[in-house]
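Let me begin by presenting the structure, written as structure tokens, before commenting on it.
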Amino acid sequence: MILVTGGLGMIGAHTAGALSDLGHDVIVTAHGRTDVPSFLTGRVTVEPLDVTDREAFLAVGRRHPISDVVHLAGGIPGANPIDYFRTDTAGLLNALEAARTWGVRRFAVASSLGAYLGRPEVPWREELELPPAAAPHPIIAFKKAVEPLTTQALLGTEVQPVVLRIGSTWGPLMDPESPFNPIPPYVSAALRADQLPVLPASDGGDTCYAPDAGRAIAGLIAAETLHHEIYNVSSGRPYTNRELAGAVRAAVPGARAEVEDGRGAGPNRYLDVRRLVAETGFAPAFDLIAAIADYVRWRATNAR
């Protein structure tokens, strides 16, 4: 059985669904959010768990034969980042201890494309040395720290670490007004028939639709052999606002999604996923047009 912490969140739920599609038995942990999305109903075992509770975490392995762990549980920083760091570090260390105790095959953990911030290359590749630049947000700072903590904690064991540098992922189950990705709020405004901002046509960046991110992570867990510890997880190509506006106009009749040429922030940064593709055969099932159309259909009957 594969344990997915945070398995009712956006990336976790789609990872759990993709693992189930591959024929695996999946356990998801639930804490703050307990509602099971429709695409997981009857397909996974839900374990109520506060991942910061060490004894409760270890007890999961006494109830179930856990073969692999995908650690995606995480919080959102409040006014005091120390509280966020303390909580998410406790969850990570408990997950790592559980993986060592249970002797699992693989331990995958969420990092972020934010780890590359400060590198000028396009696209960002796993081989790049991470810059020492200060992280612009507590989540990015923590995700960057997760990488050496995980690999060092599993040294000397037979547990294979898999660091997931996850790109700018969005889609079903994301907060429609999330400040962490511009696409859901833009689509939400279009669905409300709000006046949409005129966007710089050539701006954009990394993007990955959540079902594709879940399939990519599931592929890494299911692969018979992995040759690396770090994998970029995203679509492998950037989007532009011109593409976004066109996709929204196609999916939301009457949406006045407009762009303007001649201004922008420069080259769009995105993740190189050739390593992921080479080792798992991953290919995105959604381009931006298909992703926007699917998301609009989802939002017709779902609040998030």
Side-chain angles (χ1 to χ4, degrees), residues 4-18 28-41 46 50-51 70-81 83-85 87-88 91 110-114 135-143 164 166-197 199 204-214 216-217 233-235 239 241 244-245 247-248 251-252 255 257 286 288 291-304:
V4 181
T5 70
L8 296 183
M10 177 183 65
I11 297 176
H14 287 96
T15 298
V28 301
T29 69
H31 183 48
R33 183 181 302 169
T34 58
D35 51 316
V36 178
S38 57
F39 60 84
L40 284 186
T41 301
V46 179
D50 178 352
V51 295
V70 185
H71 183 56
L72 300 175
I76 300 295
N80 184 352
D83 295 334
Y84 162 71
F85 292 141
T87 298
D88 275 30
S111 180
S112 167
L113 90 169
H137 192 276
I139 291 179
I140 294 175
F142 179 74
K143 296 300 186 185
L164 307 166
I166 299 174
S168 190
T169 303
W170 66 280
L173 304 183
M174 188 175 212
D175 178 358
E177 305 303 328
S178 173
F180 298 113
N181 190 291
I183 296 179
Y186 188 77
V187 174
S188 293
L191 291 172
R192 293 191 301 266
D194 290 353
Q195 179 66 46
L196 296 176
L199 301 174
D206 190 86
T207 185
C208 191
Y209 195 48
D212 279 335
I217 295 169
V233 173
S234 198
S235 68
Y239 78 94
N241 287 332
L244 173 60
V248 168
V252 184
F286 295 87
L288 190 60
I292 294 290
D294 185 76
Y295 184 60
V296 168
R297 285 192 295 270
W298 170 265
R299 288 288 303 280
T301 54
N302 295 275
R304 58 184 300 154

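The structure presented is a predicted model; accordingly, all values stated were derived computationally and were not measured. When a residue number appears, it is its place in the shown sequence, counting from 1.
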| field | salt bridge (Lys or Arg N to Asp or Glu O under 4.0 Å) partners of Asp206, counting only residues at least two apart | value | none

Please round to the nearest 0.5 Å and tell me the distance separating atom [atom1] of [X] and atom [atom2] of [Y].
| X | Y | atom1 | atom2 | value |
| --- | --- | --- | --- | --- |
| Ile217 | Thr15 | CD1 | OG1 | 3.5 Å |
| Ile292 | Arg299 | CD1 | CZ | 11.0 Å |
| Leu244 | Leu199 | CG | CG | 6.5 Å |
| Phe39 | Leu173 | CZ | CG | 4.5 Å |
| Asn302 | Arg297 | CG | CZ | 13.0 Å |
| Ile11 | Cys208 | CD1 | SG | 8.5 Å |

Specify the closest pair of heavy atoms between [X] and [Y], including all atoms of both residues, with the distance to one decimal.
| X | Y | value |
| --- | --- | --- |
| Leu196 | Ala189 | CD2-CB, 3.4 Å |
| Tyr186 | Ala245 | OH-CB, 4.0 Å |
| Ala216 | Val233 | CB-CG1, 3.8 Å |
| Met10 | Ala210 | CG-CB, 3.8 Å |
| Asn181 | Ser168 | ND2-OG, 2.8 Å |
| Gly75 | Ile139 | O-CD1, 4.4 Å |

| request: Mind jotting down which residue pairs meet the salt bridge (Lys or Arg N to Asp or Glu O under 4.0 Å) criterion with at least one end in residues 169-193? Sequence neighbours excluded, please. | output: Glu177-Arg192, Arg192-Asp194

| message | Among residues at least two apart in sequence or on other chains, which ones pass side-chain contact (heavy atoms from CB on, under 4.5 Å) with Asn80? | response | Ile82, Asp83

| note | Which of Tyr295, Tyr239, Tyr209 passes side chain to side chain contact (heavy atoms under 4.5 Å, CB included) with Ile183? It is Tyr239

Hey, is the main chain of [Y] close enough, under 3.5 Å, to the side chain of [X] for a donor-acceptor pair?
| X | Y | value |
| --- | --- | --- |
| Thr169 | Gly167 | yes |
| Thr5 | Thr29 | no |
| Trp170 | Pro176 | no |
| Asp212 | Phe286 | yes |

| task | Side-chain contact test, heavy atoms from C-beta onward, threshold under 4.5 Å: evaluate it for Ile76 versus Phe180 and give yes or no. | result | yes

| message | For a 4.5 angstrom cut-off between non-hydrogen side-chain atoms, does Asp35 reach Leu8? | response | no

